[in-house]
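Read through the structure below, which is laid out as C-alpha cells, and then see the notes.
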Amino acid sequence: MSATPPAESSASLTGSPFDARDPLGIDDLLTDEDRAVRATVRRWTAERILPSIADWYERGELPGLRELARELGSIGALGMSLTGYGCAGASAVQYGLACLELEAADSGIRSLVSVQGSLAMYAIWRFGSEEQKQEWLPRMAAGELIGCFGLTEPDIGSDPAAMRTHAKRDGTDWVLSGRKMWITNGSVADVAVVWARTDDGIRGFVVPTGTPGFAAPEIKHKWSLRASVTSELVLDEVRLPSDAVLPGATGLRGPLGCLSHARYGIVWGSMGAARASFEAALDYAKTREQFGKPIGGFQLTQAKLADMAVELHKGILLAHHLGLRMDAGRLRPEQVSFGKLNNVREAIEICRTARTILGANGISLEYPVMRHATNLESVLTYEGTVEMHQLVLGKALTGLDAFR
C-alpha cells in the first residue's frame, strides 16, 4: 500500500467560516422552499408573538387567539402537511421547521397549531367522510374555525384503552357522555374530535361545541403553558346525528395515529425552545463580564455552551432525519417515540444549563429561558410520558411487552 498522501479532493476540509448558530451546516440540507417556509414563520413570530409573549405568559392568557389563528391560516401553518381542502400540502420537513420556529417563540403557540392541524384536522382528514372533510377542513385551515382533540380523561392518561367516556345508540343518533381533561383549545374550539367507547370499540366523533350538553370550562392556575388555552371537556348526554362518527377509525389505532402525527411536531418544536434558550445564553455569555472579562471566556462556561450546542444540533439532525422518513412514507411510531423521548429530554437540560449561565437573570421573563423550561415540563408529559416512550422503544428492542 502506498504511503503517498491522496491528492486534494472534494472530501477535504474547507475554510468555510464557522457559524455558531449552525455549527454542523444543517442548513445545507434544506431546500430553498424549506428555508422560505422557515423564514415566513420566523418573521410572523417575530412580529406577532415575541413582543408580547412574556406579558401573556405572566398574565396566564392568550389574548386575540382567534385573530392569531386566522393569521396562522393565512400563512398556511394550520394543517400545513395535509393535502387538499385548503391545506398547504407542505412536506413533513417544512412542517417540522414551522414547529421549531413556533416553539422558539413559545410552546403554547406551537401547541395551538399542533392541536389544530396534527390532531383535530388530521383526524378528520385521515378518518373522516368526504362530507366531514368538506364541512370542516377548509375553514379550519383558514383559521376561521378552531378545533380541539379529546382523548385524555381526568383519571385516564397513558392507558387510553381504559377510557370511560362512552357513546351509545339511540335510534339513528349517538349520545355521548363523559369527561376529557387537559384539552388545548377546548374552551375556544368550534369543533371537538372526541374519542369514546362504544359497543363496536373506541370510535371518534366530530362534535360541534355548540351542541346541547357540551361544556368546556377553562383550567386555571397553571405554571406551564400559561400562554395557551387548556380546558376540560364535559359531555352530558350530548346527542349527535349518525354521521357525526368518523367512519375510518375503529379502535385505538385511530387516536394513536393522530398522536404520532402530533408527536412528530414535538420532536422539532422542542428544539425550538432549546435553540431560543441556547442563543440567549450564548449572547449573554459574550456580553456579561465578571472578573474583568466576559463569562464566555471562562472554561466552565465554554464547556456548558459546547455541550448545549452538541445536544441541540444532534436533536435537529434527528428531527430532520425523521422528517425525511415521513416524507418517504417510512416513518414508524417507534421512531417518533425515539425522537420525542430524546429531544424533549435534551431540550429541558439545555434550558436548565442556559439558566445557570444567565445566573439570577435566568429566572426573569426579560429572557426566554425560564418560560421555555417551564413550558417544556408540560411538553415532557403530553403526547406520551417519558416512561411510555421508553416502554415503546423497549418493546421494539426486545419484542417483549412490558406495558402490563
Side-chain angles (χ1 to χ4, degrees), residues 19 21-42 45 77 80-82 88 90-107 109-111 113-115 117-119 122 258-279 307-351 354 372 375-376 378-380 382-384 386 389-390 392-393 396:
D19 184 352
R21 260 60 177 182
D22 184 24
L24 294 179
I26 297 174
D27 264 18
D28 293 344
L29 303 176
L30 306 180
T31 67
D32 289 342
E33 188 175 355
D34 294 341
R35 296 188 191 95
V37 168
R38 180 179 64 182
T40 296
V41 179
R42 183 179 296 181
T45 60
M80 66 181 295
S81 62
L82 307 180
S91 71
V93 168
Q94 290 162 6
Y95 172 58
L97 289 166
C99 287
L100 188 151
E101 295 301 327
L102 291 165
E103 195 146 352
D106 192 79
S107 300
I109 303 302
R110 199 269 307 148
S111 292
V113 170
S114 180
V115 169
S118 291
L119 290 178
Y122 180 79
C258 298
L259 289 178
S260 286
H261 203 262
R263 287 165 182 160
Y264 167 76
I266 293 173
V267 176
W268 283 92
S270 58
M271 290 295 96
R275 188 193 72 190
S277 298
F278 167 74
E279 291 185 351
D307 287 345
M308 293 161 68
V310 166
E311 296 306 325
L312 169 62
H313 295 283
K314 281 164 56 178
I316 295 174
L317 275 176
L318 171 57
H320 187 267
H321 171 69
L322 296 183
L324 293 178
R325 292 190 66 82
M326 179 177 278
D327 281 327
R330 300 176 60 194
L331 184 62
R332 292 190 54 82
E334 298 91 343
Q335 293 165 343
V336 179
S337 287
F338 192 116
K340 205 266 186 180
L341 175 64
N342 179 80
N343 282 14
V344 179
R345 192 160 57 182
E346 295 304 328
I348 289 178
E349 187 60 32
I350 287 169
C351 289
H372 284 305
N375 281 339
L376 285 170
S378 290
V379 179
L380 183 69
Y382 72 26
E383 319 294 8
V386 168
H389 289 297
Q390 287 173 323
V392 167
L393 288 174

* **Residues V41, L97; criterion side chain to side chain contact (heavy atoms under 4.5 Å, CB included); working and verdict** => CA-CA 9 Å; V41 179; L97 289 166; over 6 Å; no
* When you look at L30 and H320, which way does the side chain to side chain contact (heavy atoms under 4.5 Å, CB included) test go after all the steps? -> CA-CA 9 Å; L30 306 180; H320 187 267; 3.9 Å; yes
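Remark: E346 CD to E349 CD distance equals 7.0 Å, nearest 0.5 Å. Considering CZ of F338 and CG of L331, their distance stands at 12.5 Å, rounded to 0.5 Å. With rounding to the nearest 0.5 Å, the separation of OG in S118 from CE in M80 is 10.0 Å. Taking CD1 from I266 and CG from L341, the interatomic distance works out to 12.5 Å, rounded to the nearest 0.5 Å. Put simply, CZ on F278 and CZ on R21 are 7.0 Å apart, with the number rounded to the nearest 0.5 Å. Distance check, rounded to the nearest 0.5 Å: OG of S270 to CG of L376 gives 7.0 Å.
Across every non-hydrogen atom of G315 and N343, the tightest pair is O-ND2, 3.1 Å. Annotation for W268 and C99: closest pair CB-CB, 4.2 Å, computed over non-hydrogen atoms. Among all heavy-atom pairs drawn from D34 and S91, the shortest one is OD1-OG, 4.2 Å. When all heavy atoms of G265 and Y95 are compared, the pair lying nearest together is CA-CE2, 4.2 Å. For G339 against V267, the heavy-atom pair with the smallest separation is C-CG2, 3.6 Å. Closest of all the heavy-atom pairs between L102 and V113 is CD1-CG2, 3.8 Å.
The aromatic rings of H261 and Y122 lie parallel to each other, their planes meeting at an angle below 30°, with 60° marking the opposite boundary.
A 6.0 Å sphere centred on CD of E33 holds no more than 12 heavy atoms belonging to other residues, nucleotides or ligands.
A donor-acceptor distance shorter than 3.5 angstrom exists from the side chain of K340 to the backbone of G384, with no hydrogens or angles considered. Not one N or O on the side chain of R330 forms a donor-acceptor pair closer than 3.5 Å with the backbone of R325. Side-chain atoms of S111 come within 3.5 Å of backbone atoms of S107 as a donor-acceptor pair (strictly under, hydrogens ignored). Panel note: side chain R38, backbone L100; no donor-acceptor pair is recorded below 3.5 Å. At least one donor-acceptor pair closer than 3.5 Å links the side chain of T45 to the backbone N or O of R42.
A 4.5 Å side-chain heavy-atom check between T31 and V93 finds every atom pair outside the cut-off. L119 is listed as a side-chain neighbour of E383, based on a closest heavy-atom distance under 4.5 Å. Proximity of L317 to L29: side-chain heavy atoms (C-beta onward) are separated by under 4.5 Å at one or more points.
For R275 and E101, the salt-bridge test passes: some basic side-chain N is under 4.0 Å from an acidic carboxylate O.
Applying the salt bridge (Lys or Arg N to Asp or Glu O under 4.0 Å) rule to pairs touching residues 261-270 yields nothing, sequence neighbours excluded.
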